[in-house]
Amino acid sequence: QVQLVESGGGLVQPGGSLRLSCAASGSIFSINVMAWYRQPPGKQRELVASVTSGGSTNFADSVKGRFTISRDNAKKAVFLQMNGLKPEDTAVYYCNFRLRRSIGTSERDYWGQGTQVKVSS
């Protein structure tokens, strides 16, 4: 069984910073894409940032220049550094791994349980 566990959410003032972490446990052969999504209150889930196994990154326009994403393959972990936070960044943040559990099997998406980020004064 593969599990993704997130940490690092919380309450922060506008302009502040938070660092989210997500680590996978269980039997994993390879991880292709690691990503962060978020779901603001009353809205649909959206992609925030992603990083491929080759190191290519992609960011939502709304977070470019403020957020960075990094991964540690040895630890099967991904991190989201969020700077210059705004009230509109308030959301539940989910990590997502597209991975292969063993050689010869298909890739599948796995999700964390979500961590709340609230930006408010």
Side-chain angles (χ1 to χ4, degrees):
Q1 190 76 317
V2 172
Q3 283 191 319
L4 305 187
V5 179
E6 299 143 347
S7 60
L11 173 64
V12 63
Q13 291 187 341
S17 298
L18 281 176
R19 179 178 168 85
L20 305 183
S21 301
C22 174
S25 62
S27 177
I28 296 172
F29 173 71
S30 63
I31 304 173
N32 184 2
V33 182
M34 297 181 179
W36 288 96
Y37 287 74
R38 67 186 180 187
Q39 187 164 14
K43 296 185 179 181
Q44 291 193 337
R45 194 174 296 190
E46 60 184 10
L47 177 66
V48 176
S50 64
V51 56
T52 68
S53 56
S56 296
T57 58
N58 182 47
F59 295 91
D61 288 344
S62 59
V63 307
K64 281 180 182 176
R66 299 188 297 123
F67 291 11
T68 58
I69 188 170
S70 59
R71 63 189 279 169
D72 184 328
N73 292 320
K75 295 183 179 179
K76 294 182 284 187
V78 66
F79 309 96
L80 186 69
Q81 179 66 43
M82 304 185 293
N83 299 327
L85 282 161
K86 304 175 181 180
E88 51 264 43
D89 294 317
T90 294
V92 178
Y93 284 70
Y94 298 89
C95 62
N96 168 272
F97 286 12
R98 180 160 296 172
L99 60 85
R100 201 184 304 270
R101 293 202 62 191
S102 60
I103 192 169
T105 61
S106 300
E107 289 184 336
R108 258 197 61 186
D109 282 333
Y110 289 82
W111 293 88
Q113 80 284 359
T115 185
Q116 176 72 54
V117 171
K118 185 169 184 179
V119 185
S120 175
S121 54

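As the structure is a computational prediction, the values presented were derived from the model and not from experiment.
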Set of residues satisfying side-chain contact (heavy atoms from CB on, under 4.5 Å) with respect to [X], sequence neighbours excluded:
X     : value
Asp61 : Lys64
Ile28 : Val2, Ala24, Ile31, Lys76, Leu99
Ser30 : Arg100

Which residues pass the side chain to side chain donor-acceptor pair (under 3.5 Å) test with [X], not counting sequence neighbours?
X      : result
Gln113 : none
Asn58  : none
Glu46  : Arg38

Tell me which one of Asp109, Thr52, Asn32 satisfies side-chain hydrogen bond (donor to acceptor under 3.5 Å, both in side chains) with Arg98.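 By the side-chain hydrogen bond (donor to acceptor under 3.5 Å, both in side chains) criterion, Arg98 pairs with just one of Asp109, Thr52, Asn32: Asp109.
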Does Gln44 CD have over 12 foreign heavy atoms under 6.0 Å away? no
Tell me which pairs pass salt bridge (charged side-chain N to carboxylate O under 4.0 Å, His left out) where either residue lies in residues 111-121, with sequence neighbours left out.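 Non-adjacent pairs meeting salt bridge (charged side-chain N to carboxylate O under 4.0 Å, His left out): zero.
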Among residues at least two apart in sequence or on other chains, which ones pass salt bridge (Lys or Arg N to Asp or Glu O under 4.0 Å) with Lys43?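 Here no residue qualifies.
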Residues forming a salt bridge (Lys or Arg N to Asp or Glu O under 4.0 Å) with Arg45, sequence neighbours excluded: none
May I have the step-by-step check of side-chain contact (heavy atoms from CB on, under 4.5 Å) for Val117 and Val119, ending in yes or no? CA-CA 7 Å; Val117 171; Val119 185; 4.2 Å; yes
Distance, nearest 0.5 Å, that separates CE of Met82 from OG1 of Thr68: 10.0 Å
Is there side-chain contact between Val51 and Ser70, with heavy atoms separated by less than 4.5 Å?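 No; the side chains remain at least 4.5 Å from each other.
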Do Asn73 and Met34 come close enough that some side-chain heavy atom pair is under 4.5 Å?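 They are in side-chain contact.
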Hey, is the main chain of Gly8 close enough, under 3.5 Å, to the side chain of Arg19 for a donor-acceptor pair?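 Judged by distance alone, no pair lies under 3.5 Å.
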If I compare all heavy atoms of Val92 with all of Gln116, which pair ends up nearest, and what's the gap?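 What the structure gives for the nearest pair is CG2-OE1, 3.4 Å.
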Can you tell me which residue pairs pass the side-chain hydrogen bond (donor to acceptor under 3.5 Å, both in side chains) test with a partner in residues 1-18, sequence neighbours excluded? Ser17-Asn83
Would you mind listing every disulfide (SG to SG under 2.5 Å) that reaches into residues 19-59, with sequence neighbours excluded?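 Every pair satisfying disulfide (SG to SG under 2.5 Å) with a residue in residues 19-59: Cys22-Cys95.
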Residue pairs, two or more places apart or on separate chains, that pass ring-ring contact (aromatic ring centres under 6.0 Å, His included) and touch residues 67-121: Tyr37-Trp111
